[in-house]
Amino acid sequence: MKNILVLHTGGTIAMSEDQTTGKVAPSSENPLLNQGHLFENLAHLVVEDLFQLPSPHVTPVEMLILKNRIEKAITHEGIDGVIVTHGTDTLEETAYFLDITLDHNIPIVVTGAMRSSNEIGSDGLYNFQSAVWVATCEEAKDKGVLVVMNDEIHTARYVTKTHTTNVATFRTPTFGPIGLIAKNKVLFFQELIAEEKFEVNAINQNVYLLKAYAGMDGSLLQALDNPSTDGLVIEALGAGNLPPHTLPALENLLNRGVPVVLVSRCFNGVAQDVYDYAGGGKRLKEMGVIFTNGLNGPKARIKLMVALTKYKDLDSIKKYF
């Protein structure tokens, strides 16, 4: 019988719908807290209500608290696996933060729900059950942090929320899920080639995220050109390009030593330094812009924040990407 730590942090999975107004809000008590008996033949669940936060309220501060709690459980409490229940809006960011800061091989699973506990077709308890199956599965070891939703198993590195309300919202663009849950069986079909792990003890960097658009000028970049800006991530056009009127302000940021990380705003594919024209990816890279390999904007921001806890110079930060 495996010992599985369950950390509830809030979100729709812990909310209820008002039957009169239809509004969804946090419940007075997490409806999953008393469901451990349903899984007593699968695992011994150690359950904690760590937070009760809608996911838009979650910040890197809570992510670090969550990471430290998991670290303590693995190191000192003999835990065989971890499940985190989380609101879906920022679930992918918390999962990715845990993925790059926890250096352990046990299964760590993040799950949530798109429908509150008392709605027709509620998916919370089912997703939680799936998470228990994955967390107790030997094959789930050494695969990094996993996101389990709607019968699919995704890596924290590449999964993203793709629909505002659909229960099949979590997808992995370009690569697809690495496994499935068929009835009570956990089936893996692929895994990441390599994992990245970084030590972090504090996180308070100001890293901003901008999305490029047609006709964009340098005004937003100029507004960020101040001492409080530690880093910037830009979701660029296409394969990794920016409108030319952004370049003077971008160059000022780079000359001041502010790391600028570039991803694509496209749903599929990766950013590359392909085009050789003003604002094209090739010239951006020559200016010192850092290109990522398949991360989306929110996750690149998390990664840059983690990198900045250890390094301040651009050359060292580039090694993280």
Side-chain angles (χ1 to χ4, degrees), residues 55-56 58-60 63-64 67 89-102 110 144-145 147 154-162 170-175 192-200 203-213 216 220-221 224 229-242 246 250 253-254 257-274 279 281 284-285 287-321:
S55 60
V58 174
T59 74
M63 295 178 195
L64 184 61
K67 175 257 183 187
D89 285 353
T90 60
L91 183 151
E92 64 194 85
E93 289 160 88
T94 296
Y96 182 64
F97 178 85
L98 297 176
D99 187 57
I100 62 175
T101 59
L102 286 169
V110 185
V145 174
V147 173
H154 298 263
T155 65
R157 188 187 305 177
Y158 295 125
V159 73
T160 190
K161 186 175 182 178
T162 66
F170 280 92
R171 303 285 188 180
T172 298
T174 305
F175 311 114
L192 295 176
I193 295 174
E195 292 186 32
E196 302 169 300
K197 302 297 178 185
F198 308 110
E199 187 175 335
V200 58
I203 190 159
N204 53 15
Q205 290 69 29
N206 292 318
V207 176
Y208 299 95
L209 174 62
L210 296 179
K211 190 165 191 169
Y213 51 86
M216 184 180 186
L220 293 175
L221 297 172
L224 294 176
T229 297
D230 298 311
L232 172 64
V233 176
I234 303 176
E235 292 187 1
L237 306 172
N241 313 300
L242 292 175
T246 64
L250 176 63
L253 284 169
L254 292 168
V258 176
V260 178
V261 174
L262 187 141
V263 305
S264 175
R265 73 177 195 179
C266 295
F267 182 71
N268 280 294
V270 298
Q272 296 176 290
D273 55 326
V274 176
L284 293 176
K285 194 165 188 179
M287 289 173 63
V289 173
I290 302 167
F291 279 64
T292 63
N293 188 17
L295 293 179
N296 64 19
K299 290 179 185 175
R301 176 180 173 269
I302 292 291
K303 190 173 186 180
L304 182 54
M305 292 178 74
V306 170
L308 285 165
T309 65
K310 188 171 184 180
Y311 298 114
K312 301 302 179 186
D313 63 290
L314 287 175
D315 288 338
S316 297
I317 290 172
K318 284 179 182 177
K319 296 177 182 177
Y320 270 58
F321 290 89

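None of the values given here were measured: they were computed from a predicted structure.
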*Does the side chain to side chain contact (heavy atoms under 4.5 Å, CB included) test come out yes or no for Leu224 and Leu210, once each step is laid out?*
CA-CA 10 Å; Leu224 294 176; Leu210 296 179; 4.0 Å; yes
_Leu64 vs Phe97, side chain to side chain contact (heavy atoms under 4.5 Å, CB included): CA-CA, chis, key distance, verdict_ = CA-CA 8 Å; Leu64 184 61; Phe97 178 85; 4.1 Å; yes
*In sequence, state the C-alpha distance, the side-chain angles, and the governing distance for Met216 and Leu237, and then conclude on side chain to side chain contact (heavy atoms under 4.5 Å, CB included).*
CA-CA 11 Å; Met216 184 180 186; Leu237 306 172; over 6 Å; no
*Asp99/Lys197 under side chain to side chain contact (heavy atoms under 4.5 Å, CB included): CA gap, chis, key distance, verdict*: CA-CA 7 Å; Asp99 187 57; Lys197 302 297 178 185; 4.0 Å; yes
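In this structure, a donor-acceptor pair under 3.5 Å is present between the side chains of Thr174 and Asn268.
Between Met63 and Leu98, the shortest heavy-atom distance links the atoms O-CD2, 4.1 Å. The two residues Lys303 and Glu196 make their nearest non-hydrogen contact at NZ-OE2, 2.9 Å. Taking each heavy atom of Ala236 and Asn241 in turn, the nearest pair found is CB-O, 3.4 Å. Between Ser55 and Thr90, the shortest heavy-atom contact is O-OG1, 2.9 Å. Across all their heavy atoms, Glu92 and Asn296 have their closest contact at OE2-ND2, 2.9 Å. Shown here for Pro259 and Ile317, the closest heavy-atom pair between the two residues is CG-CD1, 3.9 Å.
Remark: the backbone N or O of Gly281 is not paired with any side-chain donor or acceptor of Asp273 at under 3.5 angstrom. Between the Lys299 side chain and the Val159 main chain, a donor and an acceptor come within less than 3.5 Å of each other. The main-chain N or O of Gly238 is found under 3.5 Å from a side-chain atom of Ser264 such that the two form a donor-acceptor pair.
Between Leu295 and Tyr96, some side-chain heavy-atom pair lies under the 4.5 Å cut-off. Side-chain atoms of Val261 and Ile290, non-hydrogen and from C-beta on, do get closer than 4.5 Å to each other. Counting only heavy atoms from C-beta outward, the side chains of Phe321 and Leu304 approach each other to under 4.5 Å. A heavy-atom distance below 4.5 Å is found between the side chains of Leu284 and Leu250.
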Ignoring hydrogens and angles, write down the donor-acceptor pairs under 3.5 Å from the side chains of residues 306-314, residues two or more places apart or on other chains.
unit_1: Thr309; atom_1: OG1; unit_2: Val306; atom_2: O; d: 2.5
unit_1: Lys312; atom_1: NZ; unit_2: Leu308; atom_2: O; d: 3.0
unit_1: Asp313; atom_1: OD1; unit_2: Ser316; atom_2: OG; d: 3.1
unit_1: Asp313; atom_1: OD2; unit_2: Ser316; atom_2: N; d: 3.0
unit_1: Asp313; atom_1: OD2; unit_2: Ser316; atom_2: OG; d: 2.9

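With rounding to the nearest 0.5 Å, the separation of CE in Met305 from CG in Asn204 is 8.0 Å. Within the model, atoms NZ of Lys67 and OG1 of Thr94 stand 14.5 Å from one another, a figure rounded to the nearest 0.5 Å.
The ring-ring contact (aromatic ring centres under 6.0 Å, His included) check on Phe267 picks up nothing, with sequence neighbours excluded. Not counting sequence neighbours, the partners of Tyr158 by the ring-ring contact (aromatic ring centres under 6.0 Å, His included) test are Phe175.
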